**Student:** 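My questions all concern the structure below.
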Amino acid sequence: QVQLVESGGGLVQPGGSLRLSCAASGSIFSINDMGWYRQAPGKGRELVAAISRGGSTNYADSVKGRFTISRDNAKNTVDLQMNSLKPEDTAVYYCNAKTITTATWSYLEVWGQGTLVTVSS
């Protein structure tokens, strides 16, 4: 199996910055796309940012210019640098990875447990 563990969430004031990290471990053969999603109270889960194994990125319009996604393929990690945070960024942030696991030699999409980001003054 494959596990994802997020870290870095917390309370930050509007305009502040936070860096989220996600580490993948377990029976991993390869990881293709990795990404960050978020879910605000009463709302559905939405894509925040995604990055391919080759480094191609995709951002939600609401975070373009403020957030930066990056990954380290050798370490199986993905980070999300969040700057100029706004109250509307408040949500539980989830790491996502599309993997091939050696446990079954098949495709497996994995989610982390989530980390809470609260932007409030």
Side-chain angles (χ1 to χ4, degrees):
Q1 256 282 9
V2 180
Q3 300 83 40
L4 301 178
V5 179
E6 303 103 331
S7 62
L11 175 65
V12 65
Q13 293 186 340
S17 297
L18 214 55
R19 188 175 183 90
L20 305 183
S21 297
C22 173
S25 62
S27 303
I28 301 169
F29 177 74
S30 66
I31 303 176
N32 293 329
D33 292 345
M34 301 188 80
W36 289 93
Y37 292 71
R38 67 186 181 189
Q39 188 164 17
K43 305 193 72 174
R45 190 171 298 186
E46 66 170 346
L47 174 69
V48 178
I51 184 168
S52 71
R53 185 171 184 84
S56 179
T57 59
N58 184 34
Y59 295 94
D61 288 341
S62 60
V63 307
K64 285 181 179 177
R66 300 189 297 123
F67 292 10
T68 302
I69 189 170
S70 61
R71 67 185 287 175
D72 187 328
N73 292 338
K75 297 180 179 179
N76 289 331
T77 59
V78 61
D79 292 350
L80 184 69
Q81 178 65 46
M82 304 185 294
N83 299 325
S84 302
L85 283 161
K86 305 174 180 179
E88 50 262 46
D89 294 318
T90 296
V92 177
Y93 284 71
Y94 297 91
C95 181
N96 172 269
K98 297 176 173 62
T99 75
I100 296 175
T101 175
T102 58
T104 59
W105 290 103
S106 62
Y107 169 84
L108 180 66
E109 186 170 359
V110 185
W111 294 90
Q113 81 285 353
T115 185
L116 177 63
V117 172
T118 302
V119 184
S120 176
S121 59

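In this text, all values refer to a predicted model and were calculated from it rather than measured experimentally.
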**Student:** Once you round to the nearest 0.5 Å, how far does OG of S25 lie from NZ of K75?
**Tutor:**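 If we round to the nearest 0.5 Å, S25:OG and K75:NZ are 15.0 Å apart.
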**Student:** Atom OG1 of T90 and atom CG of L116: how far apart are they, to the nearest 0.5 Å?
**Tutor:**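 Answer rounded to 0.5 Å: 8.0 Å.
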**Student:** Measure the spacing between SG of C22 and CZ of R71 and express it to the nearest 0.5 Å.
**Tutor:**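 It comes to 10.5 Å.
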**Student:** Between N73 and R53, is there a donor-acceptor pair closer than 3.5 Å when you use the side chain of the first and the backbone of the second?
**Tutor:** yes
**Student:** Does some side-chain heavy atom of C95 sit less than 4.5 Å from a side-chain heavy atom of V78?
**Tutor:** yes
**Student:** Side-chain contact test, heavy atoms from C-beta onward, threshold under 4.5 Å: evaluate it for T115 versus S7 and give yes or no.
**Tutor:**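 No, side chains not in contact.
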**Student:** Please list, chain by chain and in numerical order, all residues satisfying ring-ring contact (aromatic ring centres under 6.0 Å, His included) with Y37, sequence neighbours excluded.
**Tutor:**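 Once residues adjacent in sequence are excluded, the partners of Y37 under the ring-ring contact (aromatic ring centres under 6.0 Å, His included) criterion are W111.
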**Student:** State plainly whether one hydrophobic cluster holds both M34 and L108, where clusters connect Ile, Leu, Val, Met, Phe, Trp and Tyr through side-chain heavy atoms under 4.5 angstrom apart.
**Tutor:** yes
**Student:** Quick one: do K64 and D61 satisfy salt bridge (Lys or Arg N to Asp or Glu O under 4.0 Å)? Show the steps, please.
**Tutor:** CA-CA 5 Å; K64 285 181 179 177; D61 288 341; 3.1 Å; yes
**Student:** Under the criterion side-chain hydrogen bond (donor to acceptor under 3.5 Å, both in side chains), which of T99, N96, N32 is the partner of E109?
**Tutor:**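 When T99, N96, N32 are each tested with E109, the side-chain hydrogen bond (donor to acceptor under 3.5 Å, both in side chains) holds only for N96.
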**Student:** Kindly give the heavy-atom pair with the smallest separation between G9 and V117, and that separation in Å.
**Tutor:**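 Distance-wise, the nearest heavy atoms are CA-CG2, 4.2 Å.
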**Student:** Which atom names give the shortest non-hydrogen contact between Q1 and A103, and what distance separates them?
**Tutor:** N-CB, 3.7 Å
**Student:** Distance from Q39 atom CD to E46 atom CD, nearest 0.5 Å?
**Tutor:**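 Here the rounded value is 9.5 Å.
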**Student:** Calculate, to the nearest 0.5 Å, the distance between atoms CG and CZ belonging to D79 and F67 respectively.
**Tutor:**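 One finds 13.5 Å between CG of D79 and CZ of F67.
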**Student:** Applying a strict under-4.5 Å side-chain criterion to I, L, V, M, F, W and Y, I'd like to know whether I31 and I100 cluster together.
**Tutor:** no
**Student:** Between S17 and S84, what is the shortest heavy-atom contact and its length?
**Tutor:** OG-N, 4.3 Å
**Student:** Between D89 and R66, is there a side-chain heavy-atom distance shorter than 4.5 Å?
**Tutor:** yes
**Student:** For the side chain of Y59 and the backbone of I69, is there at least one donor-acceptor N/O pair under 3.5 Å apart?
**Tutor:** yes
**Student:** Should Y94 and I51 be regarded as members of a common hydrophobic cluster, given that ILVMFWY residues are connected when their side-chain heavy atoms come within less than 4.5 Å of each other, either directly or indirectly?
**Tutor:**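 Unlinked, Y94 and I51 end up in two clusters.
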**Student:** Run R38 and V63 through side chain to side chain contact (heavy atoms under 4.5 Å, CB included) and show every step you take.
**Tutor:** CA-CA 12 Å; R38 67 186 181 189; V63 307; 4.0 Å; yes
**Student:** Do T101 side-chain atoms and S27 backbone N/O form a donor-acceptor pair below 3.5 Å?
**Tutor:** yes
**Student:** As an exercise, state the distance from OH of Y93 to CD of E6, rounded to the nearest 0.5 Å.
**Tutor:**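 Going from OH on Y93 over to CD on E6, the span is 12.5 Å.
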**Student:** Hey, any chance V92 and L20 share a hydrophobic cluster, counting ILVMFWY side chains that come within less than 4.5 Å of each other, even indirectly?
**Tutor:**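 No; L20 is not reachable from V92 via cluster members.
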